[in-house]
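Everything below concerns the one structure shown next.
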Amino acid sequence: MAREIVLDTETTGFDPKTGDRLIEVGCIEIEDLLPTGRTYHTLVNPERLIPPGAIAVHGITDDKVRDAPKFAAVVDDLLEFIGDAPIIAHNASFDRNFIDFECAQAGRPAPERDRWIDTLQLAQKRFPGMANSLDALCKRFKISLVERTLHGALIDARLLAEVYLELKGGKERALDLTAGPAARAQASAQAAGGYPPRPRPLAPASTEIERAAHADFLKRTLKDGSLWAAHGVVIDQA
């Protein structure tokens, strides 16, 4: 199976090089473009105050992360969850810069750059010149935003997983899934020894009396039996 990780982060700002830090990370595991149900999520103590502008975006306050673990305490669990899978992110360079910075600070190797897949770039190729934010794509693909009042790493990762499915041709895959029950029924029959061969032609389901009554009906109703004769039905007109 093709295993991938959809990842999103929340931060204190835009650039770790100017002192901003990671405060939340959420991951969704997918296999063959379908969520497996496995997730990873944690708040992170950024070891600094969170600016009001950032709080307005994600709602994460200093109080919420005061007792959260520092990144060095969760990095091994995060990297273990990601494993060697490709990483799906929206505007991936943003999340990658923070993951790279935090891993370096913790003395751990960050995931390789070529493993990151940017859904923003995928969307820009498919919808050039259009708004391609995560919100805009959710609305375009009719993905519900009802549970999302503020940005959140795990919530946004769930939404992005649905967007990624659509960008990779989700409708066609959904239609393919309808063949599943039939395929399972066939496999079950084969496991039980298979279906016996059907006789050809099939044996008639009517009785001789019913067939005689039908022939009598045709004889009394139809004046010209040539139409039926073409199909092998001979009507005695005597």
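Side chains included, hydrogens not; waters and symmetry mates left out as well; all remaining heavy atoms used.
Side-chain contact between R21 and T11 is absent, with no heavy-atom pair separated by less than 4.5 Å. Contact of the P111 side chain with the W116 side chain is registered, since non-hydrogen atoms from C-beta on lie closer than 4.5 Å. L79 has its side chain within reach of R108: a pair of non-hydrogen atoms, C-beta onward, lies under 4.5 Å apart. The shortest distance between side-chain heavy atoms of V163 and C138 falls below 4.5 Å. Considering only heavy atoms from C-beta on, V65 comes within 4.5 Å of P46 through its side chain. Residues R66 and N45 fail the side-chain proximity criterion, which asks for heavy atoms closer than 4.5 Å. A heavy-atom distance below 4.5 Å is found between the side chains of T12 and P51. Between I23 and H58 there is a side-chain heavy-atom pair separated by less than 4.5 Å.
Taken from CD in E29 to OG1 in T39, the straight-line distance is 9.5 Å, to the nearest 0.5 Å. In this structure, the separation between CD on E24 and CD1 on I155 is 8.0 Å, given to the nearest 0.5 Å. Between the NZ atom in K139 and the OG atom in S133 there is a gap of 7.5 Å [rounded to 0.5 Å]. Here F98 contributes atom CZ and L22 contributes atom CG; the two are 7.5 Å apart, rounded to the nearest 0.5 Å. Once rounded to the nearest 0.5 Å, the distance linking CD1 of I82 with CZ of R115 reads 7.0 Å. A distance of 9.5 Å separates CG in L122 from CD in Q124, rounded to the nearest 0.5 Å.
Residues V75 and L154 do not share a hydrophobic cluster, clusters being chains of Ile/Leu/Val/Met/Phe/Trp/Tyr side chains in contact below 4.5 Å. When the side chains of ILVMFWY residues are joined at heavy-atom separations under 4.5 Å, either directly or via intervening members, I28 and L43 end up in two distinct hydrophobic clusters. Under the 4.5 Å side-chain heavy-atom criterion for ILVMFWY residues, no single connected hydrophobic cluster contains both L120 and I88. Both I117 and L159 are assigned to one and the same hydrophobic cluster, defined by single-linkage of ILVMFWY side chains at heavy-atom distances under 4.5 Å. Residues L134 and M130 share a single hydrophobic cluster, defined by chaining ILVMFWY side chains whose heavy atoms lie under 4.5 Å apart.
In terms of heavy atoms, R126 sits closest to E166 at NH1-O, 2.9 Å. The two atoms that bring D95 and A89 nearest to each other are OD2-CB, 3.8 Å, heavy atoms only. When every heavy atom of A153 is checked against every heavy atom of G26, the shortest pair comes out as CB-N, 3.4 Å. Of all heavy-atom pairs between P16 and F101, the closest is CB-CG, 3.6 Å. Contact detail for A131 and A136: the closest heavy-atom pair is O-CB, 3.6 Å. Nearest heavy atom pair, residue P86 against residue R3, reads CD-O, 3.3 Å.
A salt bridge links D20 to R48: at least one charged side-chain nitrogen sits closer than 4.0 Å to a carboxylate oxygen.
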Given E4 and Y164, is the side chain to side chain donor-acceptor pair (under 3.5 Å) satisfied, shown in steps?
CA-CA 11 Å; E4 297 171 298; Y164 182 58; 2.8 Å; yes
Under the side chain to side chain donor-acceptor pair (under 3.5 Å) criterion, do E31 and T36 qualify, and how do the steps go?
CA-CA 7 Å; E31 287 184 348; T36 65; 6.0 Å; no
Which is it for I30 and V6 under the side-chain contact (heavy atoms from CB on, under 4.5 Å) test, yes or no, and what are the steps along the way?
CA-CA 7 Å; I30 60 177; V6 182; 4.0 Å; yes
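For D100 (side chain) and A110 (main-chain N/O), no donor-acceptor pair under 3.5 Å exists by modelled atom type. Under a 3.5 Å cut-off, the side chain of D118 and the backbone N or O of H90 do not form any donor-acceptor pair.
Both tests hold for R140 against F127: distance to the six-membered ring centre under 6.0 Å, angle to the ring axis within 45°.
Atom CD of E47 has more than 12 neighbouring heavy atoms from other residues, nucleotides or ligands inside a 6.0 Å radius.
Note on ring orientation: taking the six-membered ring where Trp is involved, the planes of Y40 and F81 are tilted (angle from 30° to 60°).
None of V44, T42, V25 except one satisfies the side-chain contact (heavy atoms from CB on, under 4.5 Å) rule with L78; the exception is V25.
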